[in-house]
Structures are given as C-alpha cells and as structure tokens.
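As the structure lists them, so they are numbered: ligands from 1, and atoms in each ligand from 1. What you are looking at is a predicted structure, and each value in this text was computed from that prediction instead of being measured.
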Amino acid sequence: MDKKFINDILAAYDIKNLTIATVCSHSSLQIFNGAKKEGFKTLGITIGGREKFYDAFPLGKPDEFIRVESYDEIFSLKEELIERNAIIIPHGSFVEYLGAENFLKLELPTFGNRKVLLWESDRKKEREWLEKAGLTMPKEIKNPKDIDKPVIVKYHGAKGGKGFFIAKTYEEFEERINWNKPFTIQEFVMGTRYYLHYFYSPIQDNAYKLSKGSLQLLSMDRRDETTIDEVQRIGSIKELEEVGIHPTFVVTGNIPIVMRESLLPKVFSMGENVVETSLELFDGVIGSFCLETVVTEDLEFKVFEISARIVAGTNPYISGSPYSELIQPNLSTGRRIAQEIKYAASHNLLEEILS
Ligand code: ATP
C-alpha cells in the first residue's frame, strides 16, 4: 500500500475522534480493552457473527460491531471505516485469515509498518533479516539425507504448528513426510522456550534507546502445545512412536513466565538488533513484535521465528506483566498500542506509525 495514499486518507481524518478497529478474534479483547482505557472509541468487525460471545466480557467488548460474512468482505467496509476515522490494528488471525497479500492491499490506515509482511511471511527473507541482525537461528537442513540428529519438519503456511513433526533419522523423516507440501527442516533445538514480547516506538525516547526512538520489553510467555507438552503423561515419545502416535505442536494456550535476570541484557540487545536492521531494510518494525526463542543449556538464544504484531502470548497480561508493571501499572500490549496512537495523534506524528 502506497504510503502517500494512506497519508491522504489520514489528512482528512478528525484526529480528535479516532476509532480503534480490528477483527473480533484472537487478541481483540485485549486491543479493545486497552483502547477503551485510553479513551478511544472502538469498533469490532465480526466475521459471520460472534457478538454474543463479547457480552460475556463487557470491558473487552467494542462499542460497536460491524458484521460481514467473510474476510474478503472487509474490503467493502472501506468508506464506512474511513467515515469513523478508523485505525486498523492487525493481529495474528486477522493477517493469517485475510492473507498477508490481501492485508497489504487494505486501503485503510493500519497500525505498524506493513512492509514487514514481505519480510516476515517469507521464511527465506525472515532468516535474512534475523541473521543480518546477528541472531542465531536453528540450523536449516537442506537435504533430508543429511539428518543425523533430531530435526523439526515445518510445512509452509501451517497454522499454529499443525502437521509439524520431529524426526531423528532420514528413515523417520521419509516415513512421515508429505512430499506434496512445501516444507523446511530445522535442527530441533533442545532447551526452554521463551516468546518475548517487545514494543518499538520510533517516536518516543522514554525507554531503551535506539538510533531512532526506543524499545520496551512488555512481557513474555510460553506456549502450551498439544500434544508435545503433555505427552509424558502416558509414556515416553519413543514408546508412543513405536505404536504410531506422534507428538504434535498445536497451540492451545499461553503460560506466563519470567526469565532469569542475567538473560535480560541479551533480550534487549537481540530486540535492538532486530529493530536497527529492520530500519535499514524496510523503515522499521513498528509497534509490537515477538521473538520466538529457545534458550539452550549454554544459555544461548536460538530464535526460530518473529511475529511482527501483537501475539496471543500477550493475553495473560491484560492487567500488566512483571515487566510492564515496571514501566506503568496495568499496561498491556493492547493498551500500549492505544497509547502510541494517542501520543502520535497529539504530536501530529500519526504518519510515522501508520501505513
Ligand atoms: P506461529 O506462526 O503460530 O508462530 P508456526 O506455525 O509458524 O507458528 P513455529 O512457531 O515455527 O510454527 O513452530 C511451532 C512450535 O514448534 C514452536 O512453538 C515450538 O514449540 C516448536 N519449534 C519450532 N521450531 C523449533 C526448533 N527449531 N526447535 C525446537 N522446537 C521448535
């Protein structure tokens, strides 16, 4: 989406009367809750109707709903949303189900830098970005015949780890692979998982300072993945595999966590390098992003993915996390997004954080 096109739409907005809008699913309860706390009007787009569910959570319910029957129909809401001075907040399922390519085409002011999608949704470009930032990623195994230690096989575009599997030898790989779907093979990193939730502001200097703006660590979580995380309840993976039962990686929830303090400086330097490199490559990853990591027994981080928006792992922290409490009481990622928009609007800087 052409930046000038979005800036022209913004120029006609009544910026004292903005509406925070997003699709109702995934992190929208937190986004609306945070926006309300900052005094914004809120609008929820429901796909096929989920209004009833929101009555159960009045503080996460948007002021108004617009219902469409499919994600594609969101495009037809353009005029209606512009009339309401709407700013769209992307989240995981919104981008996933609309599709990154379609999300790029939305002719509406959107929080963050949409160029990040080109780098994040292509595994090769994602690796280029993160390795240029000096992060260590799990080794990629190009030829399955070279598998000589545990690997994880990931199908492209799989949602929430669906269909991923572990193999320890080429024979195991061959037994399970679906050659019809594109896949990547990565070294399976042994260690503990931490999903780190950052917020980068290019317009405020009140946190960990970067060459432009500053960085915050708002929270971290660990995903609860079925069946791998509970498999030991009925036996070892080896025993189960012998009877044809294989562990899976489907996300079913998120668990709050804190990290030993000596690792935190590294967390900040990784976040810093990711942002600085993004500024060089595509004008910066703006707002919330998450690094998905494994910490090895040598206390080294291996980063297997980046998500460049608010992630579901921030949802345990609607009323703040052990880290965000040290910034401001009751600060969720959803609220932080609203604050950034509020600050930008009052300093005439919306163009810097929207695309
Ligand atoms: P999402 O888009 O929801 O983040 P995804 O489908 O892209 O998920 P990944 O996040 O890459 O999948 O991986 C899913 C899960 O598999 C991770 O949460 C983690 O538990 C495990 N995993 C991924 N890569 C590795 C690795 N290299 N070593 C060990 N475990 C891994």
| request: Ignoring hydrogens and angles, state whether a donor on the side chain of Ser307 or Tyr195 is under 3.5 Å from an acceptor on the partner side chain. | output: no

| query | Looking just at side-chain N and O atoms, do Asn85 and Thr19 make a donor-acceptor pair shorter than 3.5 Å? | reply | no

| request: Flag Val189 as yes when one of its N or O atoms lies below 3.5 Å from any N or O atom of ligand 1, and as no otherwise. | output: yes

| task | Heavy-atom distances under 4.0 Å are what count here, so tell me which part of Glu96 touches ligand 1: side chain, backbone, both or neither. | result | neither

| Is it the side chain (CB and beyond), the backbone, both or neither of Phe249 that lies under 4.0 Å from ligand 1, heavy atoms counted? | side chain

| message | Suppose the criterion is side-chain hydrogen bond (donor to acceptor under 3.5 Å, both in side chains): which pairs have a residue in residues 133-152, not counting sequence neighbours? | response | Arg127-Glu140

| request: Enter the distance from Ile337:CD1 to Ser201:OG here, rounded to the nearest 0.5 Å. | output: 12.0 Å

| remark: Atoms of ligand 1 under 4.0 Å from any heavy atom of Tyr195, numbered from 1 in the order shown, are 17 (C), 18 (O), 19 (C), 20 (O)

| query | With Val95, which residues qualify under side-chain contact (heavy atoms from CB on, under 4.5 Å), at least two apart? | reply | Pro90, Phe103, Leu117, Arg309

| task | Kindly indicate whether the side chain of Ile89, heavy atoms from C-beta on, has any atom under 4.5 Å from the side chain of Phe94. | result | no

| Arg123: numbered ligand 1 atoms lying under 4.0 Å from its heavy atoms | 7 (O)

| message | Counting only heavy atoms closer than 4.0 Å, does ligand 1 sit against the backbone of Tyr155, its side chain, both, or neither? | response | neither

| message | Taking the ring centre of each residue, are Phe173 and Phe183 less than 6.0 Å apart? | response | yes

| note | Checking heavy-atom distances from atom 17 (C) of ligand 1 to each of Glu305, Glu292, Glu225, the winner is Glu225

| remark: The atoms of ligand 1 lying under 4.0 Å from a heavy atom of Glu187, numbered in the order shown, are 26 (C), 27 (N), 28 (N)

| For ligand 1, which atoms, with element, lie under 4.0 Å from some heavy atom of Pro138? | 27 (N)

| Would you say Lys162 contacts ligand 1, with heavy atoms under 4.0 Å as the rule? | no

| remark: Quick look: Lys302 vs ligand 1, heavy-atom contacts under 4.0 Å, and the answer is neither

| said: Is His156 close enough to touch ligand 1? Criterion: a residue heavy atom under 4.0 Å from a ligand atom. | reply: no

| message | So if I count the atoms of ligand 1 from 1 in the order they appear, which ones are less than 4.0 Å from some heavy atom of Lys154? | response | 11 (O), 23 (C), 24 (N)

| query | So do the side chains of Trp129 and Leu281 get within less than 4.5 Å of each other, counting heavy atoms only? | reply | yes

| According to the interplanar angle, ranging from 0 to 90°, do the rings of Tyr155 and Phe165 count as parallel (below 30°), tilted (30 to 60°) or perpendicular (above 60°)? | tilted

